[in-house]
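Scroll down for the structure; my scribbles are underneath it.
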Amino acid sequence: MAKKRTPPSLSPRKRPTQARARATYLALVQAGARILERDGYEALTTNHVADLAGVGIASLYEYFPNKQSLVAEVVRHVLDELVADLRAHVTLVDSPHEDAMRAWITAIFAAVHKRRSIVTVLVREVPFLWEIPAVEQARELLLEIAFASRELRARAVKTAMVPDATIYLLATMTGAAVLEAVLRPPPQYTPEVLIASLTEIVNRVRRKRPGRTAS
């Protein structure tokens, strides 16, 4: 009976604490991101990353035990930047006004589009993407924002809250729709048309009274 393979570690060996070490660490992550964006996941090797970063391979292995842990750290950095962009617009989703939802969805489109090249590679080529803790943490954060928005809207318009399952599905489908629209934009629709249509879908669900069924 074949032995089950142990999955590679997706965590760095350690994180730097001193300024010089942080500069080396960041150079490695940025080099990894450039190779991913330019050549793709399969072409990335730890030797290539070390060469592009201008450090010895021993310095890379001081922080990263393997290629997978380095790629996972690239993913974390990309998500940290994306989430920071969204945090700058998070007050939009707190507003009960329906035009604020369009502005929020526009902000999501813009944040993903700004990183379209690297996100395309990460989504299409990294086989363990959904196992990276930073991906789950980002998903949980966006769900928290969605649930908080639901509660604020319910108080503002004095109506029953949309059910948890509906909010979960709405947030998940919105994220998937934005990724699809940005990474594989349909030639027959402009981003503005897609944003307007997605906003209408979201607002229609938010307007609907819980418990009501379509006639």
Side-chain angles (χ1 to χ4, degrees), residues 7-12 25-53 60 64 66-90 93 102-143 145-146 169-199 201-202:
S9 171
L10 299 181
S11 300
Y25 190 87
L26 182 59
L28 289 165
V29 173
Q30 290 175 338
R34 288 198 295 273
I35 293 172
L36 281 171
E37 191 170 349
R38 183 186 66 201
D39 303 322
Y41 175 76
E42 290 300 327
L44 184 147
T45 68
T46 52
N47 282 319
H48 289 158
V49 172
D51 287 344
L52 185 57
L60 184 149
F64 301 104
N66 49 44
K67 163 181 172 174
Q68 291 84 356
S69 62
L70 174 62
V71 171
E73 189 67 358
V74 172
V75 171
R76 187 180 73 83
H77 275 248
V78 171
L79 287 175
D80 282 351
E81 292 178 356
L82 192 149
V83 168
D85 280 2
L86 293 182
R87 283 188 184 279
H89 297 88
V90 75
V93 79
R102 177 168 183 158
W104 171 245
I105 291 175
T106 299
I108 300 174
F109 261 78
V112 176
H113 190 272
K114 181 178 177 181
R115 303 163 178 86
R116 182 171 179 260
S117 296
I118 185 66
V119 171
T120 298
V121 174
L122 298 180
V123 170
R124 292 181 180 175
E125 299 184 23
V126 176
F128 50 87
L129 179 67
W130 307 110
E131 300 169 29
I132 299 173
V135 174
E136 178 62 18
Q137 290 162 8
R139 189 186 72 88
E140 290 176 355
L141 174 62
L142 294 178
L143 281 173
I145 292 172
L169 290 172
L170 198 60
T172 302
M173 289 187 294
T174 297
V178 170
L179 278 178
E180 179 71 13
V182 174
L183 303 189
R184 299 201 306 174
Q188 68 271 38
Y189 304 119
T190 65
E192 292 75 20
V193 167
L194 294 173
I195 289 169
S197 297
L198 182 55
T199 301
I201 292 169
V202 173

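Residues: numbered from 1 along the sequence shown. Only heavy atoms go into these numbers, but all of them, side chains included; no hydrogens, no water, no symmetry mates.
Not counting sequence neighbours, the partners of V83 by the side-chain contact (heavy atoms from CB on, under 4.5 Å) test are R87, A138, L141. Applying the salt bridge (Lys or Arg N to Asp or Glu O under 4.0 Å) criterion to R38, with sequence neighbours excluded, gives no partner residue.
Salt bridge absent: R34 and E37 never bring a charged side-chain N and a carboxylate O closer than 4.0 Å.
The two residues H113 and V182 make their nearest non-hydrogen contact at CA-CG1, 3.7 Å. Of all heavy-atom pairs between P185 and R116, the closest is CD-NH2, 3.5 Å. The minimum heavy-atom distance linking E73 with V29 is given by the pair CG-CG2, 3.7 Å. Residues S69 and P12 share a closest heavy-atom pair of CB-N, 4.4 Å. Minimum heavy-atom separation, L44 to G32: CD1-O, 3.5 Å.
Using the six-membered ring where Trp is involved, F128 and Y41 have ring planes that are perpendicular, over 60° apart on the 30 and 60° scheme.
Other residues, nucleotides and ligands place more than 12 heavy atoms under 6.0 Å from the NE2 atom of H77.
For residues 185-195, no residue pair satisfies the salt bridge (Lys or Arg N to Asp or Glu O under 4.0 Å) rule, not counting sequence neighbours.
Residues R184 and R124 are in side-chain contact: their nearest non-hydrogen atoms beyond the backbone lie under 4.5 Å apart. Using a 4.5 Å heavy-atom cutoff, the side chains of R76 and I132 are not in contact.
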